[in-house]
There are 4 protein chains.
Amino acid sequence: MKVLYLGDLVGRQGRDAAVARIPELRKRLGLDFVVVNGENAAGGFGITPPICDELFAAGTDVIVTGNHVWDNRDILPHFQRENRLLRPANFPEGAPGRGVGVYDAPGGRRVAVVQVMGRVFMDPLDCPFRAADKAIEAHPLGRAVSFTLVDIHAEATSEKMAMGHHMDGRASLVAGTHSHVPTADHQILPGGTAYMTDVGMCGDYNSVIGMDKQEPLRRFMQKTPGGRFSPASGEATVCGVYVESDDRTGLARRVEPLRIGGRLAEVVPAIA
Amino acid sequence: MKVLYLGDLVGRQGRDAAVARIPELRKRLGLDFVVVNGENAAGGFGITPPICDELFAAGTDVIVTGNHVWDNRDILPHFQRENRLLRPANFPEGAPGRGVGVYDAPGGRRVAVVQVMGRVFMDPLDCPFRAADKAIEAHPLGRAVSFTLVDIHAEATSEKMAMGHHMDGRASLVAGTHSHVPTADHQILPGGTAYMTDVGMCGDYNSVIGMDKQEPLRRFMQKTPGGRFSPASGEATVCGVYVESDDRTGLARRVEPLRIGGRLAEVVPAIA
Amino acid sequence: MKVLYLGDLVGRQGRDAAVARIPELRKRLGLDFVVVNGENAAGGFGITPPICDELFAAGTDVIVTGNHVWDNRDILPHFQRENRLLRPANFPEGAPGRGVGVYDAPGGRRVAVVQVMGRVFMDPLDCPFRAADKAIEAHPLGRAVSFTLVDIHAEATSEKMAMGHHMDGRASLVAGTHSHVPTADHQILPGGTAYMTDVGMCGDYNSVIGMDKQEPLRRFMQKTPGGRFSPASGEATVCGVYVESDDRTGLARRVEPLRIGGRLAEVVPAIA
Amino acid sequence: MKVLYLGDLVGRQGRDAAVARIPELRKRLGLDFVVVNGENAAGGFGITPPICDELFAAGTDVIVTGNHVWDNRDILPHFQRENRLLRPANFPEGAPGRGVGVYDAPGGRRVAVVQVMGRVFMDPLDCPFRAADKAIEAHPLGRAVSFTLVDIHAEATSEKMAMGHHMDGRASLVAGTHSHVPTADHQILPGGTAYMTDVGMCGDYNSVIGMDKQEPLRRFMQKTPGGRFSPASGEATVCGVYVESDDRTGLARRVEPLRIGGRLAEVVPAIA
Ligand SMILES: [Fe+2]
Ligand SMILES: [Fe+2]
Ligand SMILES: [Fe+2]
Ligand SMILES: [Fe+2]
Ligand SMILES: [Fe+2]
Ligand SMILES: [Fe+2]
Ligand SMILES: [Fe+2]
Ligand SMILES: [Fe+2]
């Protein structure tokens, strides 16, 4: 199976770039399934129902989120209607929405998407390792599903790498988000799971993690409130990770970064 | 000027790989100056005087460190003898050692190396932005020095990107370390400064940030003490960033990642 | 000199209780000087110019604040007009307002008030110990001033106790705020400085740090947004610390807690 | 029932003071049950089997601990033998030891002791509120047990107060530890549960949270390693909370602080 996962869409620039590129990438790369992280899609903070619709219409199969999931309150009731929208699975019992979904892909195949959030330097949720275990056990790779994507939305690289190894051999892809910077450590782990510490944001890289740089810079130095944070207005780089997996085992055969547009060096997987 | 900066050497594997590669890279890339981050060189924690000597003998010009600088106590007195060894400049006044140095490079050129440490999710040192300002003002680029390397040793990508913009036009290179994962966002900022959020570690990437994965994984899940952390024993990937600058302005003309050996996709700057 | 310092006034309940009690306490205890912490006076978040006026009219000499100082933006320009309003002195250079003031007290005496903020588990400001040193050196106790009050607005008890010892013999009183809970460790340190880790809030103690308990409880358990935080509506306990000092040396002769009204056990210093 | 809970014993001074006072306090106050926090009993870091024996021999019924529980490795196997030793209940499944115990008290009564650890500014364990719920539901107050003591070992006063309200009406006493400073907010909450944010340490209050003040002070200012932390050597103040409860309902009728010896103002509950 051929799967693309695009990192945190930041504001209109990130959203528009992703919406513009997804149809062309589906075709060019022969993609079977597309997942995007939408936690910063609405002005940098959260996501709204119309934005979800726009992303699905463009060819997104599933939207995951992260710590910013609740920033825009309009999304809370939407979780009841839209099962293609996920939030971290390790929120405590009773939180709106869900963190694990199983979806149809072409050819009768099934894809599991699991999102968990790290706890190092973040809010103390339930154990993300056990939450991932539980999801994987409910939908075993190579049997119940042909592909399992685990997003580890986390700050610390140590926790993300640990999640990769913890899932190794049990997921097709473990990819991180939240740092808004793509890493260059994509690899297939010894057990066959594709891994990348962070897939990066879809946003303007002439910025501070996608936001206009003036106000963050001022705050770092002055420690006083001031203007608002707003997404940077330069051209976005669409950043993600591309994986090809074996449909029988569900394990990865190939993992490559994707970066198109904007300021970063362009990389697109070569398709034979 | 052609400068290479290699990220955190982790344990013997990282150290040996760097020592083995530096001479060949100096020649192949025609390097004028080599800086390495040695904060994890001694068994993953700190650095010792003999390790400094080994790195200098291999062709390193300057060693920077980070939050692990004091882990091995033998290094404290060494700071008085060895001015090619730096620690973050924003430690409080009176701390051993220094965070800024100016060094000779071939052709009578001078290179400034500045290290500062971030404060987000880290120990509360003095303001890294003001510390960098002070260093830059003491050794202006294009006048007192031909090249200025600023290392921002930090956890948060926001603080690292902010430092890049804060220094833009006033340093040749702002590069981050500490996350032990190379990023793919190398670029020349609008003002002419080369930037890369993290240059990555020189270490085994089948690991948790360079350390054998068993014990970190156990601790993340069980929250109890157990075995010791020790560097992973697989082949290290040597990770760094390469910059070519204009000797007159000191600004960057080219910035590229370097990754050799081990598990990560190999990338070496092509030299005409 | 007889000085009273009242901790964080939380919302209308805390404000009204302080305003009602200050005149009676000035008389009953023969107070020479009254300081209050107003960082939560405006609905729990920040302070406004009219609230400052109300507190001064009731007999407050100086208002200090803390991490919530900027929550209500109306206060920013007020710092230029009102020198009896302080914010932590260790905000970076250029921040609005000031953190140190010297004021007139009855009998031609002078009182220095210094506020610093801790950095453990808080925003990384400049070093609070050095900021306090600088203030003390500018206004030496027993010479330039008859009384020096140092507020250490901090989370960690370790940092607060360290500040007490660091100032011991150089200030009349080191008292903490921010935890919103009064401590019972008031004492005169070996060098003659009165010390109390936290003077507590002026607010309703049937609450979560002064706020209505429902929403904080829900958030601790559910980790999702919901209603707003608003001050609890029960009767406030006015909490503070009372110090008698030697006018010649400026050192403390007596330190006692004060707690009046609301749910906590009442304690008022006995005046001969 | 009459119960005394003494806070964190720090090193030999704290231990010796507690051991000396417990027999006399049992008699003087007619105590039915004594609990102590022993997480800092062994040189400030952890606890050993012989120290447990010494505390039990002096008249302690149950020892609780906290984040320092594993500091001294000798204690790990001891948890299998000694059911009067507890660690926070919200460590992940599979951790050594237990966090909830039910014990015999005079007159055929049963006492439940529950320890949970906060997560704000601390290690991300499982939810302490749910862990406390589970313990309380397994041993309902007024039915299965006559007295329930819940220790909330936590940094943030907000989390401690929230735990008090969460348990209100379901526990006899919710008391905090970890800050090493006694608070003065002891009260009976509306539902009948006695509450005190922190019972304070048994240790020398001329110190930084019980440790000799020189090294902590130096580290706060210099941010470099140096000497070791060792317990302060002055006379300890024994600090705790005393509760009288209704044996039928298990709810509190009286709550008072206890402080004896050392530098703090002495307070001992008056017994008719
Ligand atoms: Fe994000
Ligand atoms: Fe995020
Ligand atoms: Fe490192
Ligand atoms: Fe580091
Ligand atoms: Fe406050
Ligand atoms: Fe505060
Ligand atoms: Fe403790
Ligand atoms: Fe503790």
Side-chain angles (χ1 to χ4, degrees), chain A residues 118-121 127-130 133 155-166 168 176 178-190 195-198 200-201 205-211 213-214 216-221 223 234 237 239 255-257 259 262-265 267, chain B residues 118-121 127-130 133 155-166 168 176 178-190 195-198 200-201 205-211 213-214 216-221 223 234 237 239 255-257 259 262-265 267:
Chain A
R119 302 192 291 185
V120 177
F121 308 132
C127 174
F129 297 92
R130 287 174 176 84
D133 282 346
E155 178 69 34
T157 49
S158 57
E159 199 172 16
K160 286 159 135 167
M161 292 177 88
M163 184 61 72
H165 294 300
H166 184 62
D168 189 19
H178 179 68
S179 83
H180 289 204
V181 176
T183 60
D185 63 337
H186 50 281
Q187 59 174 297
I188 297 178
L189 298 177
Y195 174 78
M196 187 170 170
T197 293
D198 205 295
M201 67 173 166
Y205 281 82
N206 178 15
S207 70
V208 172
I209 58 167
M211 307 308 272
K213 60 199 172 196
Q214 294 316 122
L217 257 167
R218 201 194 58 71
R219 289 214 202 163
F220 273 119
M221 292 198 66
K223 301 288 175 191
T237 303
C239 285
V255 56
E256 289 193 30
R259 294 188 295 277
R263 302 182 63 85
L264 301 194
V267 177
Chain B
R119 301 192 290 184
V120 177
F121 308 131
C127 175
F129 297 92
R130 288 173 175 83
D133 282 347
E155 179 69 34
T157 49
S158 57
E159 198 172 17
K160 287 158 135 169
M161 292 177 88
M163 183 62 70
H165 294 299
H166 184 62
D168 188 19
H178 180 67
S179 84
H180 288 203
V181 176
T183 60
D185 63 338
H186 51 280
Q187 57 174 298
I188 297 178
L189 298 176
Y195 172 78
M196 186 170 171
T197 294
D198 204 295
M201 68 171 166
Y205 281 82
N206 178 14
S207 70
V208 172
I209 59 167
M211 308 307 273
K213 59 198 171 195
Q214 296 315 122
L217 258 167
R218 201 194 57 72
R219 288 214 204 164
F220 272 120
M221 291 198 66
K223 301 290 177 188
T237 302
C239 285
V255 57
E256 291 194 29
R259 293 188 296 277
R263 301 182 64 85
L264 301 193
V267 178

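Proteins come first, then strands; the chains are lettered A, B, ... in the order of their sequence lines, and each starts at number 1.
Heavy atoms of A:Thr237 lying under 4.5 Å from chain B are absent altogether. Contact annotation for B:Glu155: both backbone and side-chain heavy atoms come within less than 4.5 Å of a heavy atom of chain A. Proximity to chain A (any heavy atom under 4.5 Å) is shown, for B:Glu256, by neither the backbone nor the side chain. For chain A, the nearby part of B:Thr197 is the side chain; its heavy atoms alone come within less than 4.5 Å. B:Pro216 does not touch chain A: none of its heavy atoms, backbone or side chain, sits under 4.5 Å away.
When each of B:Ser179, B:Ala184, B:Ala265, B:Gly210 is scored by its heavy-atom pairs under 4.5 Å with chain A, the top score falls to B:Ala184. Chosen from B:Arg130, B:His180, B:Met211, the residue pairing most often with chain A at heavy-atom distances under 4.5 Å is B:Arg130. Put simply, of A:Leu217, A:Val267, A:Leu189, the one with the most heavy-atom pairs under 4.5 Å next to chain B is A:Leu217.
A search for side chain to side chain contact (heavy atoms under 4.5 Å, CB included) contacts involving A:Asn206 returns A:Asp204, A:Lys213, A:Arg263, B:His165, B:Pro190, not counting sequence neighbours. Under the salt bridge (Lys or Arg N to Asp or Glu O under 4.0 Å) criterion, B:Asp198 pairs with B:Lys160, sequence neighbours left out.
Of the inter-residue distances, the one linking B:Phe129 atom CZ with B:Arg119 atom CZ reads 8.0 Å to the nearest 0.5 angstrom. Taking SG of B:Cys127 as the reference point, atom CG of B:Asp133 lies at 7.5 Å (rounded to 0.5 Å).
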